[in-house]
Amino acid sequence: MLSPIAGQNGLEFLTQDCIMEAETAVAVGEVMAVDISQITAAGGLPAMDEPVAAADDADSVDTGIFGVALEAGAAGEKVRFRFAGVVDVLAAGSAGLTVGALLSVNVSGQVTAGAAANKAVAIACEALSSGTGTIKVVFNGLAGFGGPTA
């Protein structure tokens, strides 16, 4: 995920984007999960759905593969998602998001610092003290950042 040649700013992260079908309407910056149940015979994963509550389900907030919508789309439309790299994402700041915090995904499709057992998928590059908003993060919805956020 790192650029093979770093620039003037230190580590630079490569982006991994893919066009996927949104199973429900999606907003710019919303986090969605790959719908593992839609796997094709060739091993393709063509669809994204809303994340579900923590469980042993493949698209749950504690184990899923996640992407951030780079454009809005209606249910059934093809939408570009970012699976890894720096991106602006919807965030819930009720727990107070600080720069450098490990963030997970909630069932509303936002990153948050409040769910300790969930997969850490982002590192906050900006703070959000309360409410909801959009912040810049380093995102890794494929492998995450080492496990749960706590």
Side-chain angles (χ1 to χ4, degrees), residues 1-3 9 11-39 44-150:
M1 282 218 352
L2 294 176
S3 175
N9 296 321
L11 294 177
E12 292 180 357
F13 293 88
L14 296 175
T15 57
Q16 294 182 329
D17 297 351
C18 187
I19 296 173
M20 307 280 285
E21 179 183 324
E23 292 184 352
T24 59
V26 61
V28 173
E30 184 177 348
V31 181
M32 293 188 89
V34 172
D35 185 350
I36 302 295
S37 71
Q38 299 297 319
I39 193 165
L45 294 166
M48 301 292 284
D49 201 1
E50 296 173 332
V52 297
D56 290 327
D57 195 30
D59 58 355
S60 69
V61 293
D62 57 344
T63 60
I65 298 172
F66 302 99
V68 178
L70 300 178
E71 54 199 15
E77 287 187 341
K78 300 286 187 181
V79 175
R80 182 174 301 276
F81 287 89
R82 175 148 303 154
F83 289 89
V86 177
V87 65
D88 292 328
V89 65
L90 295 175
S94 58
L97 306 183
T98 58
V99 173
L102 283 175
L103 308 174
S104 61
V105 178
N106 65 23
V107 295
S108 298
Q110 305 162 328
V111 294
T112 182
N118 293 351
K119 179 179 177 180
V121 296
I123 301 171
C125 298
E126 298 175 330
L128 180 64
S129 60
S130 64
T132 59
T134 301
I135 62 169
K136 191 169 295 300
V137 300
V138 176
F139 190 82
N140 185 349
L142 300 166
F145 290 101
T149 58

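Treat the numbers as computed from the prediction; the structure is a model and nothing was measured. Note that these values count all heavy atoms, side chains included, but never hydrogens, waters or copies made by symmetry.
Residue Lys78 comes nearest to Glu71 through the heavy atom pair O-OE2, 4.1 Å, listed as atom of the first residue, atom of the second, then distance. Nearest heavy atom pair, residue Thr132 against residue Ala92, reads CG2-CA, 4.2 Å. Smallest separation of non-hydrogen atoms from Ala75 and Glu23: CB-O, 3.5 Å. The minimum heavy-atom distance linking Gly29 with Val89 is given by the pair O-CG2, 3.3 Å. Contact between Ala124 and Ile135 at its shortest, heavy atoms only, is CB-CD1, 4.3 Å. Closest approach of Pro51 to Met32, counting heavy atoms only: CD-CA, 4.2 Å.
Leu128 CG to Leu90 CG: the interatomic distance, rounded to the nearest 0.5 Å, is 10.5 Å. If you take CD on Gln16 and CG on Asn140, they are separated by 7.5 Å, rounding to the nearest 0.5 Å. The CG atom of Leu103 sits 7.5 Å away from atom OG1 of Thr112, with the distance rounded to the nearest 0.5 Å. Taking CD of Gln110 as the reference point, atom CD of Glu30 lies at 8.5 Å (rounded to 0.5 Å). Distance CZ/Phe139 to OG1/Thr15: 13.0 Å, rounded to 0.5 Å.
Every residue meeting the salt bridge (Lys or Arg N to Asp or Glu O under 4.0 Å) condition with Lys136, not counting sequence neighbours, appears here in chain and number order: Asp88.
In summary, of the residues considered (Thr134, Leu70, Val31), a side chain to side chain contact (heavy atoms under 4.5 Å, CB included) with Val87 occurs for Leu70 alone. Test Val111, Val34, Val121 against Phe66 for side chain to side chain contact (heavy atoms under 4.5 Å, CB included) and you get one pass: Val121.
Looking only at distances, no side-chain donor or acceptor of Glu21 sits under 3.5 Å from a matching main-chain atom of Pro46.
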